[in-house]
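In what follows, a structure is listed as structure tokens, so that the remarks can point back to it.
Below, all heavy atoms of this structure are taken into account, side chains as well, without hydrogens, waters or symmetry copies. These numbers were taken from a predicted model, which means no experiment stands behind them.
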Amino acid sequence: MSKQPVSQDPGSACNLWHVVSGSSPLSLPVQVGEELDLHDHLLIDGLSRYKPPCPQSLKKLQGESLKDYQRTFILQISKELHLDEWQSFELFQSYLENAFRASPKQLKTLLTQTKHFPSLLSMVLDYYLEERSYILKCQGHLLTHWQDEGHPCRVQFAGVMGKVNKNGQFTKLILDQYRQACAWKAPTSGTRDTLLARPVVNKWVCANLHEQASLLELLLHYYKEFEHTQQSFMELFNLVQAEGFGQRQQNQAHVVSADVQWRLKWIGNVWSCLLLEGFDMPGLLEDPTTKLPKHPLLTSASVVREISTVMLNWGDLPHQLPAMLAWAVLLFMHQSSGAAPSSGATDASQLGSKALRCGVMPYLDGLVSSACLESRPGVGAVMRSTVHTLLGLVLQHFSESSLGDIKVLVSVTGKSMDTSALSLDFWNDTSSRYSSLLLACTNRFPHDFRPLMDLLA
């Protein structure tokens with residue numbers, strides 16, 4: 001086995017988060033840039049920086065000048081967290097420097113009496129999981145603001161993004177980490193010694209689901225700015241098939257509590273919007289004549305057939321419905337252009353009808369109403385924009401009377417416009433996509449005034 005590289009100055013992801021988010025005294029752009037340059041490995045490597053135990057790191061730790069009880073505890077950290085021995089040493093140093101709230105004498109007592117190991121290990125575990133979470137938060141913050149002309153640190157963020165996405169490696173890195181997160185198994189008596197209490201296992205599982213969702217959110221941010229290729233979309237499409245929109249979890253025995261269930265639902269929501277982003281709907285909405293013949297998913301008959309076949313065999317999982325509706329619209333547009341075989345119209349009709357019958361509009365209404373969007377404003381803006389674009393494309397080609405309960409349709413439309421830019425887009429709409437909905441609501445007034453009031457609110 002080759003020697004495993006380790007950082008001599010790993011830094012704290014929590015401290016880096018305070019810097020990039022502007023909550024640190026180091027708030028000047030030049031200071032932020034210096035911190036980003038110093039700790040850019042956290043952003044470039046992401047969660048993949050954490051390695052499993054290996055003989056080289058164990059040998060390096062044994063050569064370090066440590067007390068026996070210190071080395072014993074660090075090895076216990078390595079086993080409990082399944083973490084590289086030298087990184088366990090660095091993690092413990094970082095914990096003591098940034099999060100430990102006791103005297104050196106108390107620390108020695110905790111380390112020399114094994115009965116105190118579980119409590120100290122639990123605190124180190126919390127710190128470790130928080131560090132992993134902060135790495136993802138830092139990456140998400142950079143993806144949100146690196147092209148924001150109004151952000152004072154845009155230049156510094158863009159410089160780091162150039163390193164993070166060197167040779168287009170970012171999506172590959174994130175997808176690899178997502179696959180690893182999906183393959184992760186909760187600790188058992190065969191893999192851990194101390195931290196096996198049910199609340200601790202639940203903590204591990206919740207952290208794992210949080211990481212899965214956060215990694216998908218990073219991809220959502222990325223593909224909001226960068227167009228899919230046919231290959232990149234099909235890779236995601238095949239992955240979402242394998243993972244069942246995040247609902248097929250390795251640790252099914254541990255995903256029954258309420259605090260786990262909402263995380264599973266959120267993963268499905270993000271997957272749903274991630275597929276919608278892959279359909280490049282904004283281009284089709286604004287310039288269909290130019291974009292439709294060059295659409296990466298519609299230029300290959302085999303790809304169209306593959307996607308259609310898979311979707312026609314889908315069940316009624318709610319997270320699948322928006323993609324079914326979007327693909328139905330794309331097939332309809334493709335068929336109307338005369339470039340698709342006659343089977344496209346049949347497939348479009350079947351997919352669209354099934355999506356509406358199974359409740360795609362109530363699903364979208366719940367999605368844009370989710371409390372998760374409020375706690376994640378960056379992701380929330382992307383998801384609302386994606387749903388808004390889908391509705392615009394649907395209303396451009398189909399009558400609002402064919403889309404189910406108009407009250408639900410109005411509710412989704414209003415909530416998806418929860419930003420000034422989207423609302424302005426609604427009122428400046430010169431096509432018939434939104435004006436027809438407004439006219440339908442007006443015609444119901446005054447005997448049914450609620451839809452019009454909700455739309456105008």
Side-chain angles (χ1 to χ4, degrees), residues 1 3-15 47 49-135 180-181 183-211 250-251 253-254 257 259-260:
M1 183 182 293
K3 185 176 180 180
Q4 182 171 317
V6 292
S7 171
Q8 296 301 316
D9 180 23
S12 164
C14 177
N15 291 343
L47 299 183
R49 69 177 302 270
Y50 294 110
K51 308 296 183 183
C54 75
Q56 286 80 5
S57 287
L58 176 59
K59 184 177 180 180
K60 184 175 182 178
L61 180 66
Q62 290 172 339
E64 188 71 10
S65 179
L66 294 171
K67 301 289 186 183
D68 287 342
Y69 61 83
Q70 294 173 326
R71 186 176 290 103
T72 298
F73 185 73
I74 291 168
L75 290 174
Q76 190 67 33
I77 292 176
S78 176
K79 180 171 184 178
E80 296 292 348
L81 305 187
H82 193 58
L83 182 64
D84 175 276
E85 291 86 352
W86 187 254
Q87 287 188 322
S88 298
F89 173 49
E90 291 179 326
L91 174 71
F92 189 47
Q93 283 183 311
S94 181
Y95 166 72
L96 294 177
E97 181 178 346
N98 297 296
F100 187 64
R101 300 291 181 264
S103 67
K105 183 178 180 180
Q106 290 172 310
L107 174 62
K108 184 176 181 180
T109 300
L110 292 172
L111 292 174
T112 53
Q113 298 182 22
T114 54
K115 66 180 180 181
H116 296 304
F117 271 25
S119 61
L120 187 56
L121 279 169
S122 180
M123 290 185 283
V124 175
L125 168 62
D126 290 342
Y127 183 75
Y128 172 63
L129 296 178
E130 287 175 1
E131 283 290 289
R132 293 174 65 97
S133 177
Y134 278 118
I135 288 176
Q180 290 172 13
W184 174 86
K185 294 183 179 180
T188 65
S189 57
T191 58
R192 306 288 194 272
D193 281 346
T194 309
L195 304 180
L196 284 176
R198 188 175 185 83
V200 176
V201 175
N202 189 65
K203 184 187 300 182
W204 274 105
V205 172
C206 287
N208 174 259
L209 295 176
H210 171 75
E211 289 180 4
Q250 281 277 359
N251 307 289
H254 303 288
S257 60
D259 57 338
V260 172

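- Listed by first then second residue, pairs satisfying salt bridge (charged side-chain N to carboxylate O under 4.0 Å, His left out) with a partner in residues 61-74 read Asp68-Arg71, not counting sequence neighbours.
- Taking Glu130 as the reference, nothing meets the salt bridge (charged side-chain N to carboxylate O under 4.0 Å, His left out) condition, with sequence neighbours excluded.
- For Glu131, the side-chain hydrogen bond (donor to acceptor under 3.5 Å, both in side chains) test picks out Ser12, with sequence neighbours left out.
- No donor-acceptor pair under 3.5 Å is formed between the side chain of Asp84 and the backbone N or O of Tyr50.
- Atom CD of Gln180 is separated from atom CD of Glu211 by 10.5 Å, given to the nearest 0.5 angstrom.
- Partner of Phe89 under the side-chain contact (heavy atoms from CB on, under 4.5 Å) criterion, out of Gln93, Gln87, Glu85: Gln93 alone.
- Partners of Lys108 by side-chain contact (heavy atoms from CB on, under 4.5 Å), not counting sequence neighbours, listed by chain and number: Tyr69, Thr112.
- Residue pairs satisfying the salt bridge (charged side-chain N to carboxylate O under 4.0 Å, His left out) criterion with at least one member in residues 114-127, sequence neighbours excluded, are listed as follows: Asp126-Lys203.
- The minimum heavy-atom distance between Ser94 and Tyr127, with the atom names listed, is OG-OH, 2.5 Å.
- The NE2 atom of His210 lies 11.0 Å from the SG atom of Cys206; values are rounded to the nearest 0.5 Å.
- Under the rule for a side-chain hydrogen bond (donor to acceptor under 3.5 Å, both in side chains), the partners of Tyr128 that lie at least two apart in sequence or sit in another chain are Arg132.
- The shortest side-chain heavy-atom distance between Trp204 and Leu129 falls under the 4.5 Å cut-off.
- Heavy atoms only, all atoms of each residue included: Tyr95 and Val124 are closest at CD2-CG2, 4.0 Å.
- Not counting sequence neighbours, the partners of Ser88 by the side-chain contact (heavy atoms from CB on, under 4.5 Å) test are Ile74, Ile77, Ser78, Leu83.
- The side-chain hydrogen bond (donor to acceptor under 3.5 Å, both in side chains) search around Glu97 returns none, not counting sequence neighbours.
- Inter-residue side-chain proximity for Thr114 and Thr72 is flagged as unmet; no heavy-atom pair is nearer than 4.5 Å.
- The ring pair (Phe, Tyr, Trp, His ring centres under 6.0 Å) test applied to Phe73 returns Phe92, Phe117, not counting sequence neighbours.
- Residues Leu75 and Leu58 meet the side-chain proximity criterion, which asks for heavy atoms closer than 4.5 Å.
- With Glu80 as the fixed residue, the side-chain contact (heavy atoms from CB on, under 4.5 Å) test singles out one of Leu125, Val200, Leu121: Leu121.
- Proximity of Arg49 to Ile135: side-chain heavy atoms (C-beta onward) are separated by under 4.5 Å at one or more points.
- Residues that satisfy the side-chain hydrogen bond (donor to acceptor under 3.5 Å, both in side chains) test with Ser103, not counting sequence neighbours, are Gln106.
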